[in-house]
Amino acid sequence: MRVLELARLGQVLRHGRAAVAACACLMAGAPAAASLTVLERAAVAASADARFPTGAPTTSRQLPHDWHADPDKPAAPLWYRFDLDAVRPAAGAASAAVLIERACGEVTLQVNGQDVELQPAPLLQPGRLCYHPLMATLPATALRSEGNVMDLRLSGALRPRLGSALRAAGLAGVSVGAQDDVAARYRAQLASSVVLPLVLGGVLVALAALAFVVGLANRRYRFWPYFAGLCAAWSVMMAGNWWPYLPVNAHAAEVVVLGAGAVALMCTALTLFRYALWQHRVVDAVLWAQCVLAPLSAWVAGPDQMFRVASAWYVLLAAELVLAIGWYLWLSWRFARREFWFTAVVTLLAVVVVGWHFAGQQDGQTWVQRLVWQLGMPALLMLLGGRLFYQLNAALLAADGVRATLEVRAREAAAEMERSFAQMAEMRVEQVTQAERKRIAADLHDDLGAKLLTIVHTSDNERISTLAREALEEMRLSVRGLTGKPVQLADALGDWRAEVMARLSQAGLEGEWRAPTEELTQTLPARTYVQTTRILREAVSNIIKHSGASQCKVRCRLLDKDFQLIIQDNGRGISMELDGRLDRGHGMASMKHRAKQMHGQCLVESGPGFGTVIRLTLPL
Amino acid sequence: MNNVLLLEDLPEIRAWMKALVLQVFPDAVISECARVHDAIQMVGAVKFDLALIDLGLPDGSGVDVVARLRDQQPEAQSVVVTIHDDDDHLFPALQAGAFGYILKEQARDLIAEQLQRISSGEPPLSPSIARKVIKHFAEQNKPQSDPMPHVQLTERESEVLLRVAKGFTLPEIGVQLNLSRHTIADYVKQIYRKLNVSSRAEAALEAQRLGLFGRAR
């Protein structure tokens, strides 16, 4: 039964190897490896000698051969003798080679009693690194025409002294073939079983360092250091791949690996808990204590109890892992549903990988199990790390975005403040100006106005009282100009018409006023209104006083961008010779001056007997 | 015109005005005063037919006297005699119940004529005052404004106001609308009266509103 199972396992193993080899060859661009001849049986004899104990009793054993599963429970070095004649045709005449895929322990090889050099060299021979392939070229000089045997001496560590059954002594996958084929298979296995895990271990160390630095820089995210610890611990556990190179006591190495397992568990649990923002003092303490207790107990128990102690711890740790993941998933489901699905998949995959690894402990692992264990866990860790870094980056980007938004808002607020401040200042200026204008206006009315008024009504001199009245009118107009409010053109026309027509009719002149009848929307600045009122008043005064006219026509027109006022009388007109002298009296110069001030013009056309036409044109 | 109140702070002008009033109404009894305070006391004591009221006085505004007179002696005619020709000063007085205004610096004959006209029921109305009146009623009669019975101008009154605002003189408007000078004068009187009534209603409502707010606090 057991043999059958093992045989099937071997088959699976071979298929797997072929697949990996094919992959490796494809990657290397080499032609697919030709088939090798597998040596399935060997005569086994226990002996510590440097030669196969020829006289000693031998038993025939099927490969793969696991010492722990062997009924004889071998403890000393074992000699395996393979009959090369049976595979002679495949080995070929000249350059044949042998490949050993799994030899847990130190190996020496002899062909027909002659030592054969193994690759890698004995100094580097990774005694405890079971899946490191070994290869040797069968020397043509040692080969005879028949009766060829190959002797293999294996001295490995026994299962009770190890933390894992996978590193227990045993031999599997010995095959013979053409040198090139063997070399190709050797390289493929070296790549998949040694180099790749080694590289991944390195990557994990780098990831741990990076996560640690990130954790230091971002104290808010407290799971980073634990994630770093997890990566580091895992890389130590994977160190089964490289610690054989180090001058470390075998038991110490086992203890360290067990400790790394405890640390990995603690870091996994705390990473998850901190990620879910959960913390419990007792749980933390227990997890930390475990990291010390596990290796300590293994050390105290001694090398012979290693497997038992380690197995117990691993079972406990696995149970804790399941509990921690369960607890985390519950927390995540309750409080951070968005994170739930991704982490659920990753953690459950991790549970599956770990579980499968444990299942393979007893009966020996398939290559798939080994691959999943050696590549899967680092891959999951990298995936998790990638996710965490992605989130960190997203948080940074979001912070950037927030900062940019804040900046924009701050700028807007500043601009708004400036604007409203400017507005307020403007309003304040306007208010102050308005108040000041009112004060000046009131003062003018109360003081100057009262005095002028007194002059108007108390002076015996008609001319003086007229002048005072005119001064009063002027003052009032100035005050109106002071108030500074723009005047609707329609309103201005109303005011002007009322004044002009009233004055003309008082003076007994016939007045005619023509103005646009449509709705007017234009406004006049206060100054323009006041100055135009003055010009109009002056012109009408002139007509009443000097022209001797019986008629006065006033015409208002809106030109393209101008406003035109035409004042026409049928009086004497202003004679050209007298123009200079009359001008002062008629105020023509001041009219023209005022028009100019408003960027307009005032044209006077007159001739004796033709009356006078005053054209005032102002820009609107 | 028997009893005339003359409120004017400048002695020379007051004397001149007094002479003027006596010229127009030879048998008038004139009560002179120079302060708002005195004028209000006189209003409480004497029944006036006509009051000539200056606006800018040392102890206040003549508008208060106009309002007091309107309250206590509705039959008395208040006429604002002022140096201010701008509607900012005149309009409050008209709202308070003044029945016309005379600008002080005009020639004696002109003022005499205006006085005569006002007292015979022909008050003046300038375009800018007309515009203010139009605006006042337009704002009062907004649909969303107060729950008060609004005083409304008739169509004819509005028509007259619009024409005055455009600068037409009252005689011109009479010709245009084919109305007698007397009728036009009646319209103008009505406009003044309604302005006063509506302003008083507005003021009352404002007072009520303030009172309500005061109580609410």
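Quick note on labels: first sequence line is chain A, next is B, and so on, each numbered from 1.
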Problem set entry | Engaged part of Leu20(B) at the chain A interface, taking heavy atoms whose separation is under 4.5 Å |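 Neither part.
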Exercise. Non-hydrogen atoms of chain A under 4.5 Å away: do they reach the side chain of Ile83(B), the backbone, both or neither?
Worked result: both
For [X] and [Y], work out which heavy atoms get closest and say how close.
X	Y	answer
Ala498(A)	Pro127(B)	CB-CG, 3.4 Å
Thr169(B)	Ala502(A)	CG2-N, 4.4 Å
Met501(A)	Glu172(B)	CE-OE2, 3.5 Å
Thr454(A)	Ile13(B)	CA-CD1, 3.7 Å

Would you say [X] has more than 12 foreign heavy atoms packed within less than 6.0 Å of its [atom1]?
X	atom1	result
Lys18(B)	NZ	no
Arg108(B)	CZ	yes
Lys189(B)	NZ	yes
Asn461(A)	CG	yes
Glu518(A)	CD	yes
Arg439(A)	CZ	yes
Arg527(A)	CZ	no

For this session: Would you indicate whether the side-chain heavy atoms of Leu110(B) and Gln506(A) approach each other to under 4.5 Å?
Result: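 Result yes, sub-4.5 Å side-chain heavy-atom pair found.
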Exercise. Taking the side chain as C-beta and beyond, is there a heavy-atom pair between Asp495(A) and Arg131(B) under 4.5 Å?
Worked result: yes
Exercise. Checking Arg497(A) side chain against Lys166(B) main chain: does a donor-acceptor pair fall under 3.5 Å?
Worked result: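 A pair under 3.5 Å: no.
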Exercise. Is His457(A) reaching over with its side chain to a backbone N or O of Ala15(B), donor-acceptor style, under 3.5 angstrom?
Worked result: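 Pair absent, no side-chain N/O of His457(A) close to backbone of Ala15(B).
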Exercise. Pick from Leu472(A), Thr466(A), Leu452(A), Val456(A): which one has the most heavy-atom pairs with chain B under 4.5 Å?
Worked result: Leu472(A)
Exercise. When rounded to the nearest 0.5 angstrom, what distance separates CZ in Arg469(A) from CG in Leu103(B)?
Worked result: 11.5 Å
Problem set entry | Toward chain B, the part of Glu499(A) with a non-hydrogen atom under 4.5 Å |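 Neither the backbone nor the side chain of Glu499(A) comes within 4.5 Å of chain B.
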